Amino acid sequence: MRKQAIGIFDSGLGGLTILKALRRRLPHEDFIYFGDTANVPYGSKSKQTVTRFSLAIAHFLEEQQVKLIVVACNTASALALDALRKQCRVPVLGVIEPGAQAASQSTQNGCIAVLGTEATVRSQAYAKAISKKMPHAKIIQQACPLFVPLVEENWAKTPAANLIAQTYLAPIKRNQADTVILGCTHYPILKPMLATILGKNIRLVDPAQTTAQAVEKFLGKNSSAKSKGKLTVYASDDPTRFKRLASRLLGQPLSTVHLKKLNV
Ligand code: DGL
(Lines give C-alpha, C1' and ligand atoms only; values in the text may rest on other atoms or scores of the structure.)
Protein backbone atom coordinates (compact mmCIF):
# COMPACT_ATOMS: atom_id res chain seq x y z
CA MET A 1 0.00 0.00 0.00
CA ARG A 2 1.31 3.45 -0.89
CA LYS A 3 2.30 5.56 2.11
CA GLN A 4 0.16 8.68 2.40
CA ALA A 5 1.91 11.94 3.23
CA ILE A 6 0.92 14.70 5.64
CA GLY A 7 0.14 17.94 3.79
CA ILE A 8 1.31 21.19 5.36
CA PHE A 9 1.07 24.76 4.11
CA ASP A 10 1.86 28.39 4.83
CA SER A 11 2.01 31.65 2.89
CA GLY A 12 5.76 31.19 2.53
CA LEU A 13 8.71 30.16 4.67
CA GLY A 14 7.12 30.45 8.12
CA GLY A 15 5.47 27.03 8.11
CA LEU A 16 8.91 25.45 7.90
CA THR A 17 9.19 26.08 11.66
CA ILE A 18 6.22 23.73 12.10
CA LEU A 19 7.54 21.27 9.50
CA LYS A 20 10.84 21.04 11.40
CA ALA A 21 9.07 20.17 14.65
CA LEU A 22 6.84 17.65 12.87
CA ARG A 23 9.76 15.90 11.17
CA ARG A 24 11.65 15.71 14.45
CA ARG A 25 8.68 14.11 16.19
CA LEU A 26 7.49 11.96 13.28
CA PRO A 27 10.68 11.11 11.33
CA HIS A 28 9.10 8.23 9.40
CA GLU A 29 6.21 10.23 7.98
CA ASP A 30 6.25 11.66 4.44
CA PHE A 31 5.45 15.38 4.16
CA ILE A 32 4.30 17.58 1.32
CA TYR A 33 4.97 21.27 2.07
CA PHE A 34 3.33 24.09 0.12
CA GLY A 35 4.61 27.69 0.41
CA ASP A 36 2.25 30.17 -1.24
CA THR A 37 5.03 32.55 -2.24
CA ALA A 38 2.91 34.12 -4.98
CA ASN A 39 0.44 35.42 -2.40
CA VAL A 40 2.54 36.13 0.71
CA PRO A 41 1.76 37.99 2.98
CA TYR A 42 -1.60 36.64 4.15
CA GLY A 43 -1.61 38.79 7.29
CA SER A 44 -2.73 41.98 5.58
CA LYS A 45 -5.49 40.30 3.54
CA SER A 46 -9.19 39.73 4.14
CA LYS A 47 -10.79 36.57 5.48
CA GLN A 48 -12.38 35.94 2.10
CA THR A 49 -9.06 36.14 0.25
CA VAL A 50 -7.10 34.04 2.75
CA THR A 51 -9.88 31.44 2.69
CA ARG A 52 -9.77 31.32 -1.12
CA PHE A 53 -5.99 30.76 -1.14
CA SER A 54 -6.19 28.19 1.66
CA LEU A 55 -8.91 26.16 -0.06
CA ALA A 56 -6.99 26.11 -3.34
CA ILE A 57 -3.89 24.78 -1.56
CA ALA A 58 -5.88 22.25 0.45
CA HIS A 59 -7.51 20.92 -2.72
CA PHE A 60 -4.12 20.58 -4.37
CA LEU A 61 -2.83 18.68 -1.32
CA GLU A 62 -5.88 16.43 -1.41
CA GLU A 63 -5.09 15.67 -5.07
CA GLN A 64 -1.68 14.49 -3.81
CA GLN A 65 -3.59 11.99 -1.63
CA VAL A 66 -2.46 13.41 1.73
CA LYS A 67 -4.03 11.80 4.79
CA LEU A 68 -4.12 14.98 6.89
CA ILE A 69 -3.59 18.72 6.37
CA VAL A 70 -1.70 20.85 8.89
CA VAL A 71 -2.38 24.56 8.48
CA ALA A 72 1.11 25.78 9.43
CA CYS A 73 -0.02 29.39 9.31
CA ASN A 74 -1.72 31.23 12.15
CA THR A 75 -3.47 33.63 9.78
CA ALA A 76 -5.01 30.82 7.73
CA SER A 77 -5.82 28.90 10.93
CA ALA A 78 -7.54 31.98 12.37
CA LEU A 79 -9.50 32.88 9.23
CA ALA A 80 -10.01 29.74 7.18
CA LEU A 81 -10.02 26.70 9.48
CA ASP A 82 -13.80 26.34 9.57
CA ALA A 83 -14.10 26.56 5.79
CA LEU A 84 -11.25 24.10 5.33
CA ARG A 85 -12.82 21.60 7.73
CA LYS A 86 -16.16 21.91 5.95
CA GLN A 87 -14.77 21.49 2.46
CA CYS A 88 -11.92 19.01 2.84
CA ARG A 89 -12.33 15.25 2.80
CA VAL A 90 -9.29 14.75 5.03
CA PRO A 91 -8.91 16.00 8.62
CA VAL A 92 -7.45 19.52 9.04
CA LEU A 93 -5.44 20.68 12.08
CA GLY A 94 -4.51 24.31 12.82
CA VAL A 95 -1.93 25.97 15.07
CA ILE A 96 -4.03 28.34 17.21
CA GLU A 97 -5.44 25.76 19.61
CA PRO A 98 -2.04 24.13 20.30
CA GLY A 99 -0.51 27.61 20.78
CA ALA A 100 -3.22 28.70 23.22
CA GLN A 101 -2.79 25.46 25.14
CA ALA A 102 0.98 25.92 25.46
CA ALA A 103 0.58 29.53 26.62
CA SER A 104 -2.03 28.75 29.26
CA GLN A 105 0.25 26.02 30.62
CA SER A 106 3.21 28.40 30.67
CA THR A 107 1.83 31.55 32.33
CA GLN A 108 2.27 32.08 36.06
CA ASN A 109 0.74 35.54 36.39
CA GLY A 110 -2.14 35.09 33.90
CA CYS A 111 -0.93 37.84 31.57
CA ILE A 112 -0.31 36.54 28.04
CA ALA A 113 0.79 38.52 25.02
CA VAL A 114 0.06 37.43 21.47
CA LEU A 115 2.26 38.57 18.61
CA GLY A 116 0.63 37.96 15.25
CA THR A 117 -0.27 39.32 11.86
CA GLU A 118 -2.87 42.07 11.57
CA ALA A 119 -5.46 39.53 10.41
CA THR A 120 -4.75 37.09 13.26
CA VAL A 121 -4.98 39.86 15.86
CA ARG A 122 -8.18 41.25 14.31
CA SER A 123 -9.79 37.79 14.31
CA GLN A 124 -9.34 37.48 18.12
CA ALA A 125 -8.73 33.77 17.51
CA TYR A 126 -6.04 33.49 20.20
CA ALA A 127 -7.94 35.66 22.67
CA LYS A 128 -11.00 33.40 22.30
CA ALA A 129 -8.99 30.16 22.52
CA ILE A 130 -7.09 31.32 25.64
CA SER A 131 -10.21 32.70 27.36
CA LYS A 132 -11.89 29.31 27.00
CA LYS A 133 -9.07 27.73 28.99
CA MET A 134 -8.42 30.68 31.33
CA PRO A 135 -11.48 32.95 31.62
CA HIS A 136 -9.60 35.50 33.77
CA ALA A 137 -6.45 35.74 31.68
CA LYS A 138 -5.27 39.20 30.69
CA ILE A 139 -4.51 39.08 26.97
CA ILE A 140 -2.52 41.71 25.12
CA GLN A 141 -2.32 41.50 21.36
CA GLN A 142 0.28 43.12 19.15
CA ALA A 143 0.28 43.03 15.35
CA CYS A 144 3.82 42.89 13.92
CA PRO A 145 3.25 43.27 10.15
CA LEU A 146 6.89 44.04 9.32
CA PHE A 147 8.22 40.76 10.75
CA VAL A 148 7.03 38.62 7.81
CA PRO A 149 8.83 40.59 5.07
CA LEU A 150 11.96 40.73 7.26
CA VAL A 151 11.97 36.92 7.41
CA GLU A 152 11.04 36.41 3.74
CA GLU A 153 13.82 38.85 2.71
CA ASN A 154 16.39 37.14 4.97
CA TRP A 155 16.69 40.29 7.11
CA ALA A 156 15.99 38.55 10.42
CA LYS A 157 19.39 39.29 11.92
CA THR A 158 19.80 42.92 10.81
CA PRO A 159 19.86 46.06 13.03
CA ALA A 160 16.70 47.17 11.20
CA ALA A 161 14.89 44.05 12.44
CA ASN A 162 16.10 44.74 15.97
CA LEU A 163 14.83 48.31 15.95
CA ILE A 164 11.43 47.23 14.61
CA ALA A 165 11.20 44.46 17.21
CA GLN A 166 12.01 46.87 20.04
CA THR A 167 9.19 49.13 18.91
CA TYR A 168 6.66 46.29 18.68
CA LEU A 169 7.66 44.75 22.01
CA ALA A 170 7.65 47.94 24.12
CA PRO A 171 3.91 47.66 25.06
CA ILE A 172 4.37 43.98 25.99
CA LYS A 173 7.14 44.84 28.42
CA ARG A 174 5.07 47.69 29.90
CA ASN A 175 2.10 45.36 30.48
CA GLN A 176 4.20 42.75 32.31
CA ALA A 177 3.12 39.71 30.35
CA ASP A 178 5.13 36.70 31.50
CA THR A 179 4.33 34.64 28.39
CA VAL A 180 4.45 35.70 24.76
CA ILE A 181 2.96 33.58 21.97
CA LEU A 182 4.80 33.70 18.68
CA GLY A 183 1.44 33.71 16.90
CA CYS A 184 2.79 33.68 13.37
CA THR A 185 4.90 30.81 12.08
CA HIS A 186 7.45 33.24 10.67
CA TYR A 187 8.26 34.69 14.09
CA PRO A 188 10.23 31.78 15.63
CA ILE A 189 12.89 32.62 13.05
CA LEU A 190 13.34 35.89 15.00
CA LYS A 191 13.23 34.12 18.37
CA PRO A 192 16.81 34.71 19.60
CA MET A 193 16.44 38.44 18.98
CA LEU A 194 12.96 38.62 20.54
CA ALA A 195 14.19 36.69 23.59
CA THR A 196 17.08 39.12 24.09
CA ILE A 197 14.78 42.15 23.88
CA LEU A 198 12.14 40.68 26.22
CA GLY A 199 14.62 39.41 28.81
CA LYS A 200 14.84 36.10 30.64
CA ASN A 201 11.73 36.50 32.79
CA ILE A 202 9.40 36.30 29.80
CA ARG A 203 8.70 32.91 28.22
CA LEU A 204 8.31 32.69 24.47
CA VAL A 205 5.80 30.10 23.28
CA ASP A 206 6.30 28.66 19.82
CA PRO A 207 3.16 26.66 18.89
CA ALA A 208 5.32 24.31 16.76
CA GLN A 209 5.97 21.82 19.58
CA THR A 210 2.37 21.52 20.74
CA THR A 211 1.18 21.36 17.12
CA ALA A 212 3.56 18.45 16.47
CA GLN A 213 2.28 16.75 19.64
CA ALA A 214 -1.32 17.26 18.48
CA VAL A 215 -0.52 15.71 15.08
CA GLU A 216 1.20 12.74 16.71
CA LYS A 217 -1.76 12.22 19.03
CA PHE A 218 -4.16 12.50 16.13
CA LEU A 219 -2.29 9.88 14.09
CA GLY A 220 -2.10 7.55 17.06
CA LYS A 221 0.14 4.54 16.68
CA ASN A 222 -1.03 3.91 13.13
CA SER A 223 2.24 4.66 11.40
CA SER A 224 4.12 1.42 10.88
CA ALA A 225 6.77 2.81 8.51
CA LYS A 226 10.38 2.37 9.57
CA SER A 227 12.29 4.13 6.80
CA LYS A 228 13.07 7.88 6.93
CA GLY A 229 10.17 9.96 5.65
CA LYS A 230 10.29 11.81 2.35
CA LEU A 231 9.81 15.57 1.95
CA THR A 232 8.31 17.09 -1.20
CA VAL A 233 8.15 20.88 -1.47
CA TYR A 234 6.04 23.13 -3.69
CA ALA A 235 6.03 26.92 -4.05
CA SER A 236 3.50 28.95 -6.01
CA ASP A 237 6.17 31.33 -7.32
CA ASP A 238 9.96 31.42 -7.87
CA PRO A 239 10.94 27.96 -6.60
CA THR A 240 14.67 28.74 -6.96
CA ARG A 241 14.55 31.54 -4.42
CA PHE A 242 12.34 29.49 -2.11
CA LYS A 243 14.73 26.55 -2.36
CA ARG A 244 17.69 28.70 -1.32
CA LEU A 245 15.96 30.28 1.69
CA ALA A 246 14.10 27.14 2.78
CA SER A 247 17.27 25.02 2.67
CA ARG A 248 18.94 27.51 5.00
CA LEU A 249 16.00 27.54 7.43
CA LEU A 250 15.62 23.76 7.45
CA GLY A 251 19.36 23.30 7.89
CA GLN A 252 19.49 20.81 5.02
CA PRO A 253 19.76 21.30 1.28
CA LEU A 254 16.49 20.72 -0.58
CA SER A 255 17.09 18.91 -3.84
CA THR A 256 14.01 20.26 -5.62
CA VAL A 257 11.23 22.76 -5.05
CA HIS A 258 8.42 22.27 -7.55
CA LEU A 259 6.51 25.18 -9.01
CA LYS A 260 2.74 24.86 -8.60
CA LYS A 261 0.77 27.91 -9.63
CA LEU A 262 -2.57 28.25 -7.92
CA ASN A 263 -5.76 28.98 -9.82
CA VAL A 264 -7.07 31.69 -7.51
N1 DGL B 1 3.22 32.65 8.69
C2 DGL B 1 1.87 33.05 8.63
C3 DGL B 1 1.21 33.08 9.97
O4 DGL B 1 1.50 32.22 10.77
C5 DGL B 1 1.47 34.12 7.67
C6 DGL B 1 2.27 35.35 7.58
C7 DGL B 1 1.80 36.20 6.43
O8 DGL B 1 1.78 35.69 5.32
O9 DGL B 1 1.43 37.35 6.67
O10 DGL B 1 0.37 33.90 10.26
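Start at 1 and go down the list; that is how both ligands and their atoms are numbered. Since this is a predicted model, take the numbers as computed values, not measurements.
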Could [X] and [Y] be called an ion pair, given the rule that one side-chain N must be under 4.0 Å from one carboxylate O?
X: Glu97; Y: Lys128; answer: no
X: Lys67; Y: Glu29; answer: yes
X: Arg241; Y: Glu153; answer: yes
X: Asp30; Y: Lys3; answer: yes

I want to know if ligand 1 touches [X] in the polar sense, i.e. an N/O pair below 3.5 angstrom.
X: Thr117; result: no
X: Gly43; result: yes
X: Ser44; result: no
X: Thr120; result: no

Open item on the list: For Tyr234 together with Phe9, are the ring centres under 6.0 Å from each other?
Closed with: no
Open item on the list: Suppose I only count heavy atoms of Asp10 and a 4.0 Å limit; which atoms of ligand 1 are within that range?
Closed with: 1 (N), 2 (C), 5 (C)
Task: Interfacing atoms of ligand 1 (cut-off 4.0 Å, heavy-atom, Ser11) - done: 5 (C), 6 (C), 7 (C), 8 (O)
Open item on the list: For the NZ atom on Lys133, are there more than 12 heavy atoms of other groups (residues, nucleotides or ligands in this structure) within a distance under 6.0 Å?
Closed with: yes
TODO: Measure from atom 3 (C) of ligand 1 to every heavy atom in Val40, Asn74, Asp36 and give the option owning the shortest one.
DONE: Asn74
